[in-house]
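The next block holds one structure in the form of structure tokens; read it before the comments.
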There are 2 protein chains.
Amino acid sequence: MKKRTYSCGLDAAVDVVGGKWKALILWELHTGVRRFAELRRGIDGISEKMLIQQLREMETYGLVHREVHRQVPPKVEYSLTDFGRSLNEALIPLGDWGERHMSTIEAIPRD
Amino acid sequence: MKKRTYSCGLDAAVDVVGGKWKALILWELHTGVRRFAELRRGIDGISEKMLIQQLREMETYGLVHREVHRQVPPKVEYSLTDFGRSLNEALIPLGDWGERHMSTIEAIPRD
DNA sequence: TCAGGTACTGACCTTTTTCTCAGTGCGAAG
DNA sequence: CTTCGCACTGAGAAAAAGGTCAGTACCTGA
């Protein structure tokens, strides 16, 4: 989320889903409610700092709902809001596209 | 394009469309063939360096076709390949989502 | 002759993003 | 009595992305 104005809807949407981790988090939450540590284990290579940072951002966007259960040890559950689910649905064709062309994309020479 | 392996199709796709300019370029090319300077004028705020950098990247992905007409002054035309068009189609629902929620997204407090 | 348009390229710098690592406080398990 | 898991937080550094600016070589119109 860097911009304040967008030249088209796609521009705005890519700003919301962009970055290294948001798509992965959205994907993990697609299946339902998840605890913090479950997400961390489910998303390969993510650090705790990045995970919270992204979750908090998505919370301020209204995509993710955060529920704290006051108990020891602490239990915090994350889930998608209706808004988040609507985003996930809009992402399905893109996810399918990526799935179909994954090997092509991975084979592209970098730098 | 930073990764070599992806955990899901969405991850791969977001890596391809991510960044500040690619969505905008894709959107501009959606309407047809464009010359370099036309793209520059059409995309508000982009520098020549960024525009070429992104176009070249998209060319190596096979999304964009670059055609040089050997003449003076030079004329270079950019257009989408079939692969690029297939990506654009997969992006339509996301673009629509962004369009629908643009005002919400713009109203989110940053930092 | 001099600015302007064509399509770039490369050096260098700033901003943004991501990563690493250490630490918190509590309870349960070994 | 030490370690583990829980859900974080913050400092500081590294890496990636993006931006500015100057220059190239040629032609056209003023």
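Just the heavy atoms: all of them, side chains too, but no hydrogens, waters or symmetry mates, feed the values below. From a predicted model like this one, the values you see are computed outputs, not experimental measurements. Residue numbers start from 1 in every chain, and the chains themselves are labelled A, B, ... in the order their sequence lines are given, proteins ahead of strands.
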Per side-chain contact (heavy atoms from CB on, under 4.5 Å), B/Met58 is matched among B/Leu29, B/Val16, B/Leu26, B/Val17 by B/Leu26
Could you check how far CD of B/Gln71 sits from C1' of D/dA25, rounded to whole Å?
15 Å
Need to verify one output field. Residue with the more 5' nearest nucleotide on DNA chain D, A/Arg66 or B/Gln54?
A/Arg66
Just how far, in rounded Å, is C1' of C/dC8 from CG of B/Leu55?
11 Å
Test of understanding: with side-chain hydrogen bond (donor to acceptor under 3.5 Å, both in side chains), list the residues that count as partners of A/His101, not counting sequence neighbours.
none
Spacing of B/Ile43 atom CD1 relative to D/dG19 atom P, expressed in whole Å:
12 Å
Side-chain donor/acceptor pairs under 3.5 Å, residues 31-45 of chain A, sequence neighbours excluded:
unit_1, atom_1, unit_2, atom_2, d
A/Thr31, OG1, A/Glu28, O, 2.9
A/Thr31, OG1, A/Arg34, NH2, 3.1
A/Arg35, NH2, A/Pro74, O, 3.2
A/Glu38, OE1, A/Arg35, N, 2.6
A/Arg40, NE, A/Glu48, OE2, 3.1

Looking at every heavy atom in both A/Ala13 and B/Gly98, which two are closest together, and how far apart are they?
CB-CA, 4.2 Å
Quick one: do B/Glu67 and B/Lys75 satisfy salt bridge (Lys or Arg N to Asp or Glu O under 4.0 Å)? Show the steps, please.
CA-CA 8 Å; B/Glu67 188 145 8; B/Lys75 179 175 175 180; over 6 Å; no
C/dA7 C1' sits how many Å from B/Glu77 CD, rounded?
13 Å
Can B/Arg66 and B/Glu77 be counted as an ion pair, charged N to O under 4.0 angstrom?
no
Pair A/Asp11-B/Trp21, side chain to side chain contact (heavy atoms under 4.5 Å, CB included): steps then yes or no
CA-CA 8 Å; A/Asp11 189 20; B/Trp21 302 112; over 6 Å; no
In whole Å, I'd like the distance from the CD atom of A/Gln53 to the P atom of D/dA7.
18 Å
Which atom of B/Gly62 lies closest to which atom of B/Thr81, heavy atoms considered
O-OG1, 2.6 Å
Which nucleotide sits closest to the side chain of A/Pro74: D/dA7, D/dC8, C/dC19?
D/dA7
Determine whether B/Tyr78 and B/His65 make a side-chain contact, defined as any pair of heavy atoms from C-beta on separated by less than 4.5 Å.
no
Tell me which pairs pass salt bridge (charged side-chain N to carboxylate O under 4.0 Å, His left out) where either residue lies in residues 78-92 of chain A, with sequence neighbours left out.
A/Asp82-A/Arg85
Below 4.0 angstrom, which residues in residues 29-40 of chain A have at least one non-hydrogen atom near DNA chain D?
A/Arg35, A/Phe36, A/Ala37, A/Arg40
Nearest-Å distance, CZ (B/Arg70) to P (C/dC8)?
12 Å
Among the nucleotides C/dT6, C/dT9, D/dA7, whichever has the atom closest to the side chain of B/Arg41 is C/dT6
Between residues 44-52 of chain B and DNA chain D, which residues have a heavy-atom gap below 4.0 Å?
B/Ser47, B/Lys49, B/Met50
Between the opening five pairs and the closing five pairs of the helix from C/dT1-D/dA30 to C/dG30-D/dC1, how far apart are the helix axes, to 10°?
20°
How many whole angstroms separate atom OH of B/Tyr78 from atom P of C/dT6?
13 Å
Do you know the tightest heavy-atom contact between B/Gly18 and A/Val14?
CA-CG1, 4.4 Å
Between C/dT17 (C1') and B/Lys20 (NZ): distance, integer Å:
14 Å
